[in-house]
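Labels below follow one simple rule: chain letters A, B, ... track the order of the sequence lines, proteins then strands, and each chain is numbered from 1. For the numbers below, each heavy atom of this structure counts, side chains included, while hydrogens, waters and symmetry mates do not.
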Amino acid sequence: MNTGEYNHKDIEKKWQDWWQEHHTYQVENTVKGKENFYALSEFAYPSGNLHVGHWYAFAVPDIYARYKRMQGYNVLYPMGFDAFGLPAENAAIKHNLDPRKWTYENMDYMKNQLRSMGASFDWSRTLATSDPDYYGWTQWMFNQFFKEGLVYRDITKVNWCENDKTILANEQVIGGKCERCEGDVIQKDMAQWMLKITDFADDLYDDLEGLNWDESIKQAQREWIGRKEGSIISFPIELPVRQLGEEQTNSKERNIVKVILLNQHNQVLVMESVSEGSMDLPGGGIELGETLEESAVRELQEETEYTNFEYVRTLSPNRVHYYHKMLDQHFHGNVHTLVYRLKDDEKTPKSLEQYEVETKEEWWNLDDVIENFVENPVYGFYIRESLIDYRNSKINVFTTRADTLFGATYLVLAPEHDMVQNLKSHITNWDEVKAYLKDVEKKSDLDRQQSREKTGVQLQGIEVINPATNEPIPVWVADYVLAHFGTGAVMAVPAHDECDCEFALKYDLPFKFVVLPSAGEIGNSRPLITSGENAFIHAAGTTEKKGTQEQINAEWNAMYDLLGVHDDGILPEGKRFCCDFEGKLINSPSVTSVTTGNFEFLGFNHPKDGKDWIERTRVYAIVKQKDTEMYLGLRSKTDDTQGLVTGGVDEGEVAEQAIVRELLEETGFTGKAIRKEKYKIHDKYYSTNKDKNILSVGDVFVLEVSDIDNRQSIEQEEIDKHEPVWLTKQEFLDFINPPSHKFIIKNYFNDSSGNFNTQTSEEARKNITTSVGGTITKTYRLRDWGISRQRYWGCPIPIVYDPDGNSHPIPDEHLPWLLPDDVDHTPDGTAPLARSEELQKRTEDIFGAGWKPEVDTMDTFVDSSWYFYRYLDNQNDTAFASPDAMKSWMPVDMYFGGAEHTTMHLLYSRFWVKALKKIGLVHENEPYKGRLNRGLILGPDGAKMSKSKGNVIDPDEVVSHVGADTVRMYLAFIGPFNEPGSYPWDPNGVVGIRRFLDRVWRLQENITDTTDESLISDLHQTIKKVGDDIERLKLNTAISTMMTFVNKAEKSLGITQSDYLTLVQLLAPFAPHMTEELWMQHHDTSIHLSDFPKYDESKISFGMTALPIQINGKVRAQVVVEEGESDADVQNRILAMPEVTKWTEGKELKKFIHVPGKIINLVV
RNA sequence: GCCGGAGUGGCGGAAUUGGUAGACGCGUGCGACUCAAAAUCGCAUGUCUUCGGGCGUGUGGGUUCAAGUCCCACCUCCGGCACCA
C-alpha cells in the first residue's frame, strides 16, 4: 500500500495521460451484452478560458456518466464546441483578429483545460459547428427543410441590435436590450429566412407530456408556446349609409354609375367643373331599364370626348346618400364603379351634353385619384383598386371568453390590422386615425410596455355587428391590441375584462354585464374598488383587502345591491362594473337574429329598378306555435309566392303594436311579441296596390301564438290574398329561404341550446360560439423562427438569387457552401459576406452571370439544434449520421444544461428533430428523454461571478492547489445537482472536501484483517445509498454518506483491504484520479471499467433495531427490538422500563402503536 | 396579474412512503500537538432553562397516536410568462 502523501499533482497528470494512451473512454456504438446510455452536456462556446461554470456543467455530470459506466452501461459522454457566434466576430473587430483563428486557438486551449477535469469524454467523437464537415450538414438539412416547405422568406419586423448590427430572435431581447451586448434594440423591417416552427406547435406542446423532465421546464416551454383555446368569432362589417349632402329623411332611391377610365399609362380621367372647380369621375344616375354597362358607356359618351374604350371590371358598389345639385334633390343609391380602359388616346370630338361642356378633362395618376377621391371623406365612396367588397366582409376576433359575447360593446383592431387600411375609404376621420397609427409606429416595443396608459381612436364611419346581439357596435384601433396574437382584433367586453374595462372607462364606452359569478365562485377572491362608487374591477388574488369569508361575501352582496346586478344583471344607467370571473350567464338571450342582407324579394313581386322609391318602415314576424316547433308561413293565393307575416307600421304605432296587429289582420291569430331583433334592411318591393317601388326598413319579431283554434276575424282583403300554413322548422326554412330570396333566418334556428341565461360560462362558450357560426380553435404565442443574421462568423445560408431576384437553394452537390475568407470585419451595417469578392465569383462561376449569393448567415441556434447526432458518427461524409449509429444512441438519455436554454435551444432542437422526423431522416419524436437544468455557482460573496465584482474563482488556480478531484467533488457537494438553485463558492468548503480525500487516503493506514460487524453493515448501507443518490443526482448526499462512513471507519477497529477498495470504488466517479491510483496498486485494469459495488440486503440489518419510544408524541426512550418479537412482548417489556414508567405512572394507557422498524408510540 | 418552485441553525444544506428535525460540510468555541503559527487531531455547537424539562422547520388554522412532510388560508423569496383578448 502506498502510505505516502496524497500528491494530487503527480497522480492527476499520471492518470490523465494513461487514460488517453489507453483510450479508456473511447466508446463503440454497440457493445455486446451492454445497453447504451447517452449522457450529454450542452457543448461549450470556445470563449477562450474555462471558468467554474464549465466545471459545474461538465465535471459534475461526468460523475453520473462514470457511475452509469460502472453500472454496466456502454456510456457515451461526448464534448464539442458551439464554435460559431458573435463573440469571435466582436473580438475580431476589437482586436483586429481573424475570427477563425481566434476560435480555433481557443478551442485548442480549452481542450487541454477540459482534459484537466478528468472527465470521461470520448474525444475521438468531438466536433465544432464551424468545421465545414459539420456546417455542410447544417446546410444540407436546411435544404431538406426547404424541399419540405418548412422554409420561407418573409419581410417581417425584426429586432435589430444597433450595436451588433444584426437581427436578434425575440428570445435574445431582454427588456428592449440585446441579450449579449446590452445595446438598444429597435424594430426594423427586413427580409429574412424563416423556419416554420409553428407547424409543430401542437406537437411541441403535446409531446412534453411523455418526457421525463422537471415539471417547471415543461411548464416554461408550454408558456413559451403559449397555446390558448378559444373561439374565432366573425363580426360582419357594417358600413352606414354615407351622407354626401344634407340628410333628408324622405330621400328617393337613385342608383349611380361612376367610371374609372384608364389610359395606357394607367392614369385615370378626372372631370373638373370649370364653373365650380369641383372634381369628379365621369358618371351619373342609372336610367330605368339600363344595365350597369349600358349606363357607364352612355355616361362616358355624354361626358367625355373619348369613344374607343373597353370594359375591364366592375368594382363592388357602395351605398350613399347624396344631394343632387342639378335636381335639388336628395337621393339614396348604390354607387357602381366600373373600370374601362382606353384603346387609344385619340379624342373623337362629339357633341357633349350642354352642362358637361363646362368641364375640363385631366389625366391623374391612380395614387392621386385614390388620395383625392378614395381617401377624401367627401368623395370617399370608391372602392380602392381591389375588387374586395369589404362591406360584405367580416372581422374575425379571437376570444377565450365567448361566454361574454353578449357583453361585447365595441371591437378593437391592432394598429397593424389589415382592415384598418382596407376600410380607409370608409373611415371618415382618417386623418385622425392616420396620425394615431404614425404615433404608434414611433413607439418602440419598450415604450409600449412602459406606458400602460391605453390609447386609441375610433374608426368613424364603420361599425360591426355583434353577432350575438345583432346590434351594431363601434370599431376602435388601439395599440393595446397586439397584431401578432390571435387575429389582431379583439371583441371588447368592458364588464368582464380588465383591459377592456380600463379602455372603456377612459373613452366612455358602454358596459354590459352578462356573467354573474355565483357566490361559491367568488369564494376566496377579492373585489377591488378602483374608482369612485361605480367602477369595480376584480383582480384575482389581490391582497388589497383582507377579511373573513363572510365579510367578503357580504361585500359582494352589497356591491350587487349597489349596482343592481343582483336580479337581472342589467346595470343601472351610468354604473360600471368589471368582473372577470366565470359564472352563470345573465342578460344573454338566445341568438334569435335575422341575418342582415339585401332583401330583394319577400313574398311579393320583384321590384323594378328605377325611380320613385318610397321609404317605409315595416315589421316582419317569425310566428311560432307555443309549445310546438311549428312555424307560420303565408302562401299567396294569387301567385306562387310566399312570405312572412309582415306589414307597414302605421302612424302612432310602435313596432310591437304593428306586428301584433298585422298578425291579427292577416291570420286571425293573437300573439305575443317575445323578441325583437333590429337589422338594417334594404328590402325593395313593388307594391301592386300602390303601384310604387318601396324601400322598406324594419324590425323582425318573433311572435308566439298559443291558442290556434281561437282565431279572430280576418280582414277580407287578407283572406283573398294569403293562406296561412303551419310548417315544421325545416319546411319553414325551405319555405322562406328559397335560393332566389335573400331573407335568411339562419341564426334563430341555429340556436339549439335555448336561452343562454343560466348556462355556465363553460357551456356558454361552446354554445354561443356555435350559435353565431364561430369556430372553437387554438392560438399560439410561438412565432416562426427567423434565422437570418447579418453576421460573418456563422453558417452561410445556402441560397442564391437569380438575376431577377428569385431565390434558389444551392444544390446539395455544392455543399458545404463555404464561408469566404476575404471579408473585412469592420461593421458598416451591411452584411459582411456582401463584401466578399470570392463568394460573388464562386456564385457566378457555378450559377451564371448576374447571380448573387445570400449574404446572411444562420442563427447559431441552428448549429446547436442537431449537434447531438453528429457525435454519434462524426467521421461520416455521406450522411450527417448513419441510421445504425442513431438507432444505437438516440434519444439522449440524460441532457445536462443551463436553465437559460429552457425555452430557446431546447425548443428549437425539439423542433429540428420533429422536422427531421417528418422528412423521414430520423426515427425519434423527441431528442431528449431526460433533462436536467443545473444551478448557478455564485462568487464567495453570494453574487454572480463577474470580473467587475472581483469575485471570480479561477478553477485552474484552485485545481493546482487542491486538485481536480477535490474541485469536482466540491461542486457535487455544494448543493443538490438535481435542483437548479444558486450556490455560493465557499473556499473553506473546498478545503473540507480536500480534507475528506486526505482522510480516505490515510485510511489505508487502518487496513487490518478484522473489522467491526457494524462497519460491514454501514458499508452496505453506504453502497445502497450512494448508488441510489447518484441515480437521482443527489450527489451532495451521496458524498455525505461516504463521509459518514469514513468517520466511522476511522473510529473502528480497522477496515479490511477489500472493504477499503469497495469504498474506493464508490468514490471513483467523484474522484477518478485518486481512486485510480489506489485501485491500480492492486489491479491492472482501470477502476472506471470495474463494476460498481453491490450491496447485500442481509448485511444491512442484523436482526435487531433500536427504536425510539414516544410517549404522547414526545421521544422519551429507546428500545432494542429483535426481529420477530411480538407486539405484546415488546409492549410488556417497554412498560417495565424505568424511563417509560416515569411518564406513564398513574396514567391509563390508551393506545400502543408499533410501526416495525420505525417507532413506538404510547398514548396515555 | 398568471403559471411554476421554494422558505429548516451563524452559512451551504439533510430528513426517499407522515415516524428520533438539524445528517454531512463550513464557520465558531474549547482542548491536544507546537517555542509559535499553519496544517492535523479531539470535544462541543438550534434555542430557552429554576437542569425536571419547555420551545422550535415563513405565519395562522386544521387532520393525525404522530406533521418540515397532508389539508385550508395568508406572507416572503426565486424562476418563467405578461396590455395574450
> What are the two closest heavy atoms between A/F398 and A/K228, and how far apart are they?
Replying inline: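 Nearest pair, atom of A/F398 first, then A/K228: CZ-O, 3.8 Å.
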> What is the minimum heavy-atom distance between A/L482 and A/A414, and which atoms define it?
Replying inline: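 What the structure gives for the nearest pair is C-CB, 3.9 Å.
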In whole Å, what separates the [atom1] atom of [N] from that of [M]?
N: B/G5; M: B/A85; atom1: C1'; answer: 28 Å
N: B/C70; M: B/G18; atom1: C1'; answer: 7 Å
N: B/C72; M: B/U63; atom1: C1'; answer: 11 Å
N: B/C55; M: B/U49; atom1: P; answer: 15 Å
N: B/A21; M: B/U69; atom1: C1'; answer: 11 Å
N: B/U64; M: B/G12; atom1: P; answer: 36 Å
N: B/A15; M: B/U57; atom1: C1'; answer: 11 Å
N: B/G7; M: B/C51; atom1: C1'; answer: 34 Å

So does [X] get a side-chain nitrogen or oxygen closer than 4.0 Å to the phosphate oxygens (OP1/OP2) of [N]?
X: A/R995; N: B/C26; answer: yes
X: A/K228; N: B/A85; answer: yes
X: A/K218; N: B/G5; answer: no
X: A/N1036; N: B/A14; answer: yes
X: A/R227; N: B/C84; answer: no

If the threshold is 4.0 Å, N to carboxylate O, is there a salt bridge linking [X] and [Y]?
X: A/D1028; Y: A/K1024; value: yes
X: A/E215; Y: A/R222; value: yes
X: A/D998; Y: A/R1002; value: no

> If you pin A/A220 and A/G992 to their nearest nucleotides in RNA chain B, which one's is more 5'?
Replying inline: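 Nearest nucleotide further toward 5': that of A/G992.
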> Want to settle it: does A/Q221 or A/H484 sit nearer the 5' end of RNA chain B, counting the closest nucleotide to each?
Replying inline: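 Its nearest nucleotide being more 5', the pick is A/Q221.
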Nucleotide of [options] approaching [X] most closely (side-chain heavy atoms):
X: A/Y983; options: B/G13, B/C26, B/A15; value: B/G13
X: A/E223; options: B/G12, B/C3, B/A23; value: B/C3
X: A/R999; options: B/G25, B/C26, B/C84; value: B/G25
X: A/C499; options: B/A85, B/C83, B/U20; value: B/C83
X: A/K1034; options: B/G12, B/A14, B/G19; value: B/A14
X: A/S1040; options: B/G25, B/A23, B/C81; value: B/A23

> Between A/D206 and A/R227, does a salt bridge (Lys or Arg N to Asp or Glu O under 4.0 Å) hold up when you go through it step by step?
Replying inline: CA-CA 10 Å; A/D206 294 334; A/R227 182 163 83 184; 2.8 Å; yes
Please classify the nucleic acid contact of [X] as base, sugar-phosphate, or nothing, using heavy-atom distances under 4.0 Å.
X: A/E979; value: nothing
X: A/P976; value: sugar-phosphate
X: A/N1047; value: sugar-phosphate
X: A/R994; value: nothing
X: A/K1024; value: nothing

>> Filter on salt bridge (charged side-chain N to carboxylate O under 4.0 Å, His left out), then keep only pairs touching residues 972-993 of chain A, sequence neighbours left out; what's left?
In response: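 Qualifying pairs, neighbours excluded: none.
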Round to the nearest Å and state the distance from [X] atom [atom1] to [N] atom [atom2].
X: A/F973; N: B/G12; atom1: CZ; atom2: P; result: 13 Å
X: A/R401; N: B/C84; atom1: CZ; atom2: P; result: 14 Å
X: A/D986; N: B/C26; atom1: CG; atom2: P; result: 9 Å
X: A/I1111; N: B/G53; atom1: CD1; atom2: P; result: 11 Å
X: A/E900; N: B/C81; atom1: CD; atom2: C1'; result: 18 Å
X: A/F977; N: B/A14; atom1: CZ; atom2: P; result: 15 Å

>> Using the rule given for salt bridge (Lys or Arg N to Asp or Glu O under 4.0 Å), can you reason through A/K454 versus A/E502, listing the C-alpha separation, both sets of side-chain angles and the distance that settles it, and then say yes or no?
In response: CA-CA 8 Å; A/K454 290 187 173 50; A/E502 208 180 299; 3.2 Å; yes
> Which is it for A/L413 and A/V481 under the side chain to side chain contact (heavy atoms under 4.5 Å, CB included) test, yes or no, and what are the steps along the way?
Replying inline: CA-CA 7 Å; A/L413 299 177; A/V481 174; over 6 Å; no
>> Tell me whether A/H417 at atom NE2 has more than 12 heavy atoms from other residues, nucleotides or ligands lying less than 6.0 Å away.
In response: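 Enclosed.
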>> Just confirming the chi classification of B/G9, syn or anti, using 90° around 0 as the syn window.
In response: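 It is syn.
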>> Just confirming the chi classification of B/G18, syn or anti, using 90° around 0 as the syn window.
In response: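 B/G18: anti.
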> Yes or no on side chain to side chain donor-acceptor pair (under 3.5 Å) for A/T487 and A/N396, after CA distance, side-chain angles and deciding distance?
Replying inline: CA-CA 7 Å; A/T487 58; A/N396 291 331; over 6 Å; no
> Taking only residues two or more places apart in sequence, or in another chain, which ones meet A/N933 in a side-chain contact (heavy atoms from CB on, under 4.5 Å)?
Replying inline: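 In terms of side-chain contact (heavy atoms from CB on, under 4.5 Å), with neighbours along the sequence ignored, A/N933 is linked to A/I217, A/A899, A/T902, A/R931, A/P980.
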Side-chain atoms of residues 400-409 of chain A: list all donor-acceptor pairs with protein atoms under 3.5 Å, sequence neighbours left out, distances to 0.1 Å.
residue: A/R401; atom: NE; partner: A/D403; partner atom: OD1; Å: 3.0
residue: A/R401; atom: NE; partner: A/D403; partner atom: OD2; Å: 3.2
residue: A/R401; atom: NH1; partner: A/D580; partner atom: O; Å: 3.2
residue: A/R401; atom: NH2; partner: A/D403; partner atom: OD2; Å: 3.0
residue: A/R401; atom: NH2; partner: A/F581; partner atom: O; Å: 3.2
residue: A/D403; atom: OD2; partner: A/S761; partner atom: OG; Å: 2.8
residue: A/T404; atom: OG1; partner: A/R401; partner atom: O; Å: 2.7
residue: A/T409; atom: OG1; partner: A/P510; partner atom: O; Å: 2.7

Contact list (N/O, under 3.5 angstrom) for nucleotides 65-71 of chain B vs protein:
residue: B/C65; atom: OP1; partner: A/K1151; partner atom: NZ; Å: 3.2
residue: B/C65; atom: O2'; partner: A/N1161; partner atom: ND2; Å: 3.4
residue: B/C65; atom: O2; partner: A/N1161; partner atom: ND2; Å: 2.6

Report all interatomic pairs (protein N or O, nucleotide N or O of nucleotides 43-52 of chain B) with separations under 3.5 Å.
none

> Given pairs defined as Watson-Crick or G-U wobble with both distances under 3.5 Å, what dot-bracket annotation applies to RNA chain B, with ( ) intrastrand, [ ] crossing, | other strand and . unpaired?
Replying inline: (((((((..(((......[....)))((((((.......))))))(((....)))..(((((..]....))))))))))))....
> Can you tell me how far the CD atom of A/Q1021 sits from the CG atom of A/D1018, to the nearest 0.5 Å?
Replying inline: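 Output value for this atom pair is 6.0 Å.
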> Where does the angle between the aromatic ring planes of A/H496 and A/F513 fall among parallel (under 30°), tilted (30 to 60°) and perpendicular (over 60°)?
Replying inline: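 The rings of A/H496 and A/F513 lie parallel, inter-plane angle below 30°.
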